[in-house]
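The structure under discussion appears below in the form of structure tokens.
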Amino acid sequence: MEVSRRLFVTAAAALAASSGTSLARASSATTSASASASAASASAASAEEPWYRIPVSPDDTAEELVSKASQVRPTERQIAWQALERTAFLHFGVNTFTGLEWGTGDEDPDVFQPVGLDTDQWARALRDGGFKLAILTVKHHDGFVLYRSRYTNHSVASSSWQGGQGDVLRSFADSMRRHGIKVGVYISPADENQYLHGVYANGSARSERTIPTPVPGDDRPDGPTFRLPATDYGAHMLDQLYEVLTEYGPVDEVWFDGAQGRIPPDQVETYDWDSWYMLIRTLVPDATVAVSGPDVRWVGNEGGFARENEWSVVPVQEKDNGRMDFALSYDAPDMGGRDALVAARPVADYLQWWPAEADVSIRDGWFYHADQQPKSVQQLTDIYFGSVGRNAVLLLNIPPDEQGLLPAADVTRLREFRERIDRELPEDLAGGARGTTSPGTITVDLGRAREVNRIRLAEDIRHGQQVESFVVEAQPGAGGAWARVAEAGTLGASRILLLPTPVRARHWRVRVTQSRQPPHLTQFALYRSRL
């Protein structure tokens, strides 16, 4: 995964903003999507979620760009996703047994032997670590899938594990829901196995395909069918998406990267993003589609750290098959500030609500390797403050081992990590305090002087992201002068400030010094860490 995302930067499709409520979902219904599907769906999206994305022009002035950015609003699914804060990744598959990070596609499925598989153990560990959603690698770049698919033999059904009747996805989904954790699926667009079978990157043209593709002896009950434009491989992906999204209960997130298979330079598979998103939006309209998706973007590194000032409203450009891409470099130091909006003006098509996900593995690799150890509690704590504390959502990978268990050291580290964050941000001292508000300012009276060294703030992102700079001030004595104790740029859904030394004061205030529209502050929390 890490190689693919460094080399192939992709995002999402215009039609994907649509909630899909206008598409038929009744049993045996047929949805037709022709070459004009993108335009039609974009129109539907505009009608249903008008502020999710706003067009821009090279002729827009700097002031007009800032004004447009101030009007962009998140969808309900994006608001719910941002509130998760801590999400988990579980890289598991044939690579777990071969020691590779990127498989070859010609693995013997019988190598997959997780004889001690216990997905309830996964769920307990994630719950105890404070995670609210978990994403399973249902298919990585090798093409091996963790359920019994009708459309490939490179799957658990071809392994002697559990007599070919094993289904990791079923076990995973049931366990997560049983423990109150939302379910996410990662289905890699790249597929080394399908390349070896002449399907992936075979040069086939897009044409209308019936999804799901009929197969002999199919015992599925009647369900919705679709006519969608796709290549041979695009149809294969649609079939697998259909299986996963109709047979494993409600899915809360679908996660794609933009990997291309390791194929000759004169070959390429142009992904059918528009059709994939149409299918997802119809079958699971509330699911977030990330990272090569319209709802969530990659932060730009795999260290788990967001930018010091992370904007959720960023300039994007539209590419083939409705794909949205970064207008600026994926690792640009400023993705949505005033200078960034101007820098992207020549190539940007839209300003879009596209919040950042910060991914990182608890170990050096994404798959389990016995010679690696988990990161320290301090490292994970720094990552938390550098992601959740900077308006991003943390995606932490914890890879199961060959037995099908999360390693004991990792389970312990997850619990220690949650306990550390609980000590870093204990009871909010301002929770029951008297407060006053005025435009762009919140003032609180703690009742008596208290020591503070952690400050958490947030905007109500239903009104967009508006704050460009702010200060936090304290008044040590009654009627005394206000002293500046911290200052920063953006807020967004979550901003956490760490004071190098505790400050003792009774009266505290946050004051916005620059914003695009009048700000809506929804949180001003004060803490004294218990370290």
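Values below: every heavy atom of this structure, side chains too, minus hydrogens, waters and symmetry copies. No experiment lies behind these values; they were computed from the predicted model shown.
At distances below 3.5 Å, not a single donor-acceptor pair connects side-chain atoms of R390 with backbone N or O atoms of R495. Side-chain atoms of S494 come within 3.5 Å of backbone N or O of V388 as a donor-acceptor pair. At least one donor-acceptor pair under 3.5 Å links the side chain of T96 to the backbone N or O of G93. Between the side chain of H179 and the main chain of S175, a donor-acceptor pair closer than 3.5 Å is present. The main-chain N or O of E243 is never found under 3.5 Å from a side-chain atom of R220 such that the two would form a donor-acceptor pair. At least one donor-acceptor pair under 3.5 Å links the side chain of R209 to the backbone N or O of A230. Side chain of Q379 to main chain of S376: a donor-acceptor pair is present (N/O by atom type, distance under 3.5 Å, no hydrogens or angles). N193 places no side-chain N or O within 3.5 Å of a backbone atom of H197 that could act as its donor or acceptor partner. Proximity of a side-chain donor or acceptor of S387 to a complementary backbone N or O of Y384 within less than 3.5 Å is detected. Between the side chain of Q113 and the main chain of Q403, no donor-acceptor pair closer than 3.5 Å is present.
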**OP:** List the steps and the verdict of side-chain contact (heavy atoms from CB on, under 4.5 Å) for D325 and V316.
**Re:** CA-CA 6 Å; D325 205 348; V316 299; over 6 Å; no

**OP:** Kindly determine whether E310 and R297 satisfy salt bridge (charged side-chain N to carboxylate O under 4.0 Å, His left out), including the steps that lead there.
**Re:** CA-CA 12 Å; E310 193 68 71; R297 66 178 163 88; 2.8 Å; yes

**OP:** Test side-chain contact (heavy atoms from CB on, under 4.5 Å) on I187 and V145 and set out the steps.
**Re:** CA-CA 9 Å; I187 302 177; V145 296; over 6 Å; no

Subject >> Test log, rule side-chain contact (heavy atoms from CB on, under 4.5 Å), inputs T501 and N453 >> reply: CA-CA 6 Å; T501 57; N453 66 345; over 6 Å; no

Original post:
Given the rule in the salt bridge (charged side-chain N to carboxylate O under 4.0 Å, His left out) test, do K375 and D382 qualify, once you have shown the distances and angles that lead to the verdict?
Top reply: CA-CA 11 Å; K375 289 178 171 59; D382 292 342; over 6 Å; no

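Between H140 and F367, the ring planes lie perpendicular to each other; the angle is over 60°, past the 30° to 60° tilted range. Ring-plane geometry between F144 and H154 is classed as perpendicular, the angle between the planes exceeding 60 degrees on a 0 to 90 degree scale with a lower cut at 30.
At least one side-chain heavy atom of R124 sits under 4.5 Å from a side-chain heavy atom of D120. The shortest side-chain heavy-atom distance between S275 and L238 falls under the 4.5 Å cut-off. R456 places none of its side-chain heavy atoms less than 4.5 Å from the side chain of D428. T225 has its side chain within reach of P212: a pair of non-hydrogen atoms, C-beta onward, lies under 4.5 Å apart. Residues L457 and L497 form a side-chain contact, since some pair of their non-hydrogen atoms from C-beta on lies under 4.5 Å apart. Side chains of F226 and T282 form a contact here, defined as non-hydrogen atoms less than 4.5 Å apart. Using a 4.5 Å heavy-atom threshold, the side chains of L498 and F385 count as touching. Counting heavy atoms from C-beta on, the side chains of I461 and I79 come closer than 4.5 Å.
Side chain to side chain, N391 and S312 meet the donor-acceptor criterion of an N or O pair below 3.5 Å. With no hydrogens or angles considered, a side-chain donor-acceptor pair links Q352 and R53 at under 3.5 Å. Using modelled atom types and a 3.5 Å distance limit, the side chains of D257 and S292 yield no donor-acceptor pair. Under the 3.5 Å distance criterion, with hydrogens and angles disregarded, no donor-acceptor pair is assigned to the side chains of Q78 and W354. Between the side chains of T522 and E459, no donor N or O sits under 3.5 Å from an acceptor N or O. Judged purely by distance below 3.5 Å, without hydrogens or angles, the side chains of D239 and T213 pair a donor atom with an acceptor atom. Side-chain polar atoms of D359 and W298 form a donor-acceptor pair below 3.5 angstrom. Side chain to side chain, T288 and E253 fail the donor-acceptor criterion of an N or O pair below 3.5 Å. No hydrogens or angles considered: nothing links the side chains of R148 and S155 as a donor-acceptor pair under 3.5 Å. Side-chain contact of D110 with S160: a donor-acceptor pair under 3.5 Å is present, judged by distance alone. Side-chain contact, Y200 with Q267: no donor N or O sits under 3.5 Å from an acceptor N or O.
Separation of atoms OH (Y242) and CG (L228) is listed at 11.5 Å; rounding is to 0.5 Å. The line from CG of D142 to OG of S188 is 8.0 Å long, rounded to the nearest 0.5 Å. Between the CG atom in D174 and the OG1 atom in T119 there is a gap of 7.5 Å [rounded to 0.5 Å]. Distance CG/N202 to CG/D232: 4.5 Å, rounded to 0.5 Å. Distance CG/N95 to CH2/W102: 10.5 Å, rounded to 0.5 Å. Rounded to the nearest 0.5 angstrom, L133 CG and I181 CD1 are separated by 9.0 Å.
Other residues, nucleotides and ligands contribute at most 12 non-hydrogen atoms within 6.0 Å of the CG atom of N153. Annotation: E308, atom CD; neighbour count of heavy atoms from other residues, nucleotides and ligands within 6.0 Å is above 12.
In this structure, F92 has its ring center closer than 6.0 angstrom to the ring center of W122. Between F89 and H91, a ring centre-to-centre spacing shorter than 6.0 Å is recorded. Centroid-to-centroid, the aromatic rings of F112 and W161 come within less than 6.0 Å.
Salt-bridge check for D128 with R415: failed, with every basic side-chain N at 4.0 Å or more from each acidic carboxylate O. Ion pairing between R418 and E424 fails under the 4.0 Å rule for side-chain N and carboxylate O. Taking the charged nitrogens against the carboxylate oxygens, D274 and R206 do have a contact shorter than 4.0 Å, which makes a salt bridge. At a threshold of 4.0 Å, the pair D218-R150 counts as salt-bridged, since one of the basic side-chain nitrogens sits closer than that to a carboxylate oxygen. Residues R530 and E451 are not paired through a salt bridge, judged by the lack of any N-O separation under 4.0 Å between the basic side chain and the carboxylate. Ionic pairing of E318 and R323 is not present here: no N-O contact between side-chain nitrogen and carboxylate oxygen is shorter than 4.0 angstrom. A salt bridge links E192 with R262: at least one charged nitrogen is closer than 4.0 Å to a carboxylate oxygen.
Checking each of Y186, Y271, W276 against F256 for a ring pair (Phe, Tyr, Trp, His ring centres under 6.0 Å) leaves exactly one that passes, namely W276. Considering L406, I135, V168 in turn, L406 is the only one that fulfils the side-chain contact (heavy atoms from CB on, under 4.5 Å) rule with L90.
For the pair R170 and Y248, the cation-pi test (distance below 6.0 Å, angle within 45°) is passed.
Across every non-hydrogen atom of V156 and G166, the tightest pair is CG2-O, 3.2 Å. Residues E357 and V296 approach most closely at CB-CG1, 3.6 Å, considering heavy atoms. Residues L414 and F131 share a closest heavy-atom pair of CD2-CE1, 3.8 Å.
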